[in-house]
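Here the structure is laid out as structure tokens; the discussion comes afterwards.
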2 protein chains.
Amino acid sequence: MTTARTPTGTTPNRGRRAGRSTGDDREVAILATAERLLRERAFGDISIDDLARGAGISRPTFYFYFPSKDAVLLTLLDRVTEEADAAAGDVLDRLAEDPRARWRELIARFHATFGGHRDVVLACAQVRGTNAEVRRLWAEVLERWVRAVQAAIEMERARGAAPDALPARDLAIALNSMNERVWYATFAGDGPAVAERDVVDVLLDVWLTAIYRTTTPPVTPSDRTP
Amino acid sequence: MTTARTPTGTTPNRGRRAGRSTGDDREVAILATAERLLRERAFGDISIDDLARGAGISRPTFYFYFPSKDAVLLTLLDRVTEEADAAAGDVLDRLAEDPRARWRELIARFHATFGGHRDVVLACAQVRGTNAEVRRLWAEVLERWVRAVQAAIEMERARGAAPDALPARDLAIALNSMNERVWYATFAGDGPAVAERDVVDVLLDVWLTAIYRTTTPPVTPSDRTP
DNA sequence: GATCGGACTCGACAGGGTGTTGACCGGGGT
DNA sequence: ACCCCGGTCAACACCCTGTCGAGTCCGATC
């Protein structure tokens with residue numbers, strides 16, 4: 001992680017206030033208002049005035065807490081990615097136990113996290129095109145996940161469970177990209193999309209065949225018989 | 001195709017003019033200006049005034065030719081998708097000849113088309129979040145491609161070349177989605193991306209393993225020995 | 001050759017959103 | 001008693017969008 005962190009918390013301080021004071025609840029009120037409004041309309045249709053009024057303050061006062069509308073969304077996105085990281089946990093370190101089950105667990109947990117905050121995720125996808133900061137943050141997060149998957153694939157190859165084929169990094173990028181786009185379509189509901197109940201299994205199937213050439217990868221290392 | 005078409009041309013008339021007249025070159029001037037400006041900055045940073053001045057007209061006059069800035073982009077997108085459709089041709093009907101080569105041809109041609117108009121494609125991806133019309137058109141185009149791939153997969157399964165597994169439609173959606181997102185990252189260059197020279201082969205590999213469970217699918221039907 | 005109508009053009013305005021400025025208020029430390 | 005400072009907002013300057021009404025040009029019509 002390269003972003004600066006506040007001394008008090010673990011999330012980057014996208015607001016302006018340095019120390020703590022009574023204005024803390026105003027900040028969370030803005031955040032809460034944003035999440036509520038996001039449930040009923042698109043991010044672009046929410047004005048700073050809406051956010052301010054929803055939090056019981058005037059528009060100029062909004063700027064005391066956040067430098068822009070986008071910064072609010074960025075804070076929301078931080079929470080979601082952190083939750084996803086936590087949900088993923090260390091499943092990738094325990095792949096050899098039962099590869100299929102572990103990969104499924106990984107995908108299912110990401111699915112649950114994103115699905116639980118679909119409004120925020122959808123809004124981020126929308127503004128990623130126009131906002132460089134969101135783009136940067138998402139790129140950073142994705143890079144971390146790509147690296148983790150890449151390392152896991154290399155581990156599986158090392159233990160002989162997966163064949164050497166594509167560069168692990170390229171494969172990791174392709175699979176992560178697929179998940180992102182497929183989830184987006186499923187949550188957004190516009191255009192061709194996989195049904196929500198099936199999406200985890202569909203993604204899992206493509207991951208397993210791309211990594212192992214089979215949907216039933218071997219559980220224990222083939223060359224270790226202690 | 002469900003969109004209305006002008007009597008004169010083959011593309012939907014996103015401009016306003018009904019008959020032809022001297023204003024034709026103004027319309028293409030706007031389109032050309034849009035493509036040129038898109039090469040140097042983001043769509044959101046281009047104002048209608050920029051487009052108008054670039055075409056040598058005033059801002060109100062712009063509205064005589066297009067109802068909005070987005071309509072210009074929509075016209076540009078039409079061209080690209082039509083070119084992609086033409087480039088794809090009938091490769092999917094000739095899969096049995098040499099599956100690997102045909103699939104590669106399909107992906108490579110799409111890659112070439114999108115890569116040749118990357119500014120337009122990138123801009124469309126950007127506004128898809130905020131513009132319902134772009135979203136609708138893209139969904140329509142994607143649906144067509146998904147159906148074509150789905151049919152091809154079912155054909156390959158019928159001739160015994162590919163195993164029955166995931167519903168063909170879900171698989172087609174996942175693979176098309178992956179391509180879209182991976183190309184976007186490669187062309188945009190932000191965040192983890194596959195290098196442009198490798199991207200076709202990376203995508204191909206995932207497609208083949210997901211569809212056939214192997215990267216060397218059989219060329220001729222297994223049960224036909226005349 | 002006058003006139004008419006439609007294609008075409010733009011100056012000017014209204015509306016709505018953003019970001020900033022300067023002043024004001026209230027309370028805790030000195 | 002004072003003053004700094006967190007917190008607050010009315011008012012302003014700015015930019016962009018979309019529209020309206022008035023004007024020009026030109027081929028078709030009488």
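Proteins come first, then strands; the chains are lettered A, B, ... in the order of their sequence lines, and each starts at number 1.
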Fill in the blank from the handout: Among D:dT17, C:dT9, D:dC9, the one nearest any side-chain atom of B:Y63 is D:dT17
Fill in the blank from the handout: Between CD1 of B:I57 and P of C:dA7 the distance, given in whole Å, is 17 Å
Problem - B:R41 atom CZ: more than 12 heavy-atom contacts under 6.0 Å - result: yes
Exercise for the section: Rounded to the nearest angstrom, tell me the gap between atom CZ in B:R53 and atom C1' in C:dC10. Expected result: 11 Å
Exercise for the section: Take the protein atom CD1 of A:I46 and the nucleotide atom P of C:dT18, then report the distance between them rounded to whole Å. Expected result: 11 Å
Handout entry: Per B:P60 side chain, nearest of listed nucleotides D:dA11, C:dC10, C:dT9
Key = C:dC10
Handout entry: Working for side chain to side chain donor-acceptor pair (under 3.5 Å), residues A:D50 and A:S47
Key = CA-CA 5 Å; A:D50 293 332; A:S47 73; 3.3 Å; yes
Fill in the blank from the handout: When rounded to whole Å, the CG to P distance for the pair A:D70 and C:dG19 reads 8 Å
Fill in the blank from the handout: B:K69 has its side chain closest, among C:dT18, D:dT17, C:dA7, to D:dT17
Problem - Closest nucleotide among D:dG18, C:dA7, D:dC12 to the A:R59 side chain - result: D:dC12
Practice task
Could you walk me through whether A:W138 and B:D190 pass the side chain to side chain donor-acceptor pair (under 3.5 Å) test, one step at a time?
Solution key: CA-CA 10 Å; A:W138 187 250; B:D190 60 342; over 6 Å; no
Practice task
Anything under 30° is parallel, anything over 60° is perpendicular, the rest tilted; go ahead and classify A:W103 against A:W207.
Solution key: tilted
Exercise for the section: Take atom CG of B:D45 and atom C1' of D:dC16, then tell me their distance rounded to the nearest Å. Expected result: 13 Å
Practice task
Could you state the atom-to-atom distance from CZ of A:F43 to P of C:dG17 in whole Å?
Solution key: 14 Å
Exercise for the section: Whole angstrom is fine here: how far is it from CD1 in B:I48 over to P in C:dC10? Expected result: 15 Å
Practice task
Would you mind classifying the nucleic acid contact of A:T61 as base, sugar-phosphate or nothing, using non-hydrogen atoms under 4.0 angstrom?
Solution key: base
Handout entry: Distance, rounded to the nearest Å, where B:L51 contributes CG and D:dC16 contributes P
Key = 13 Å
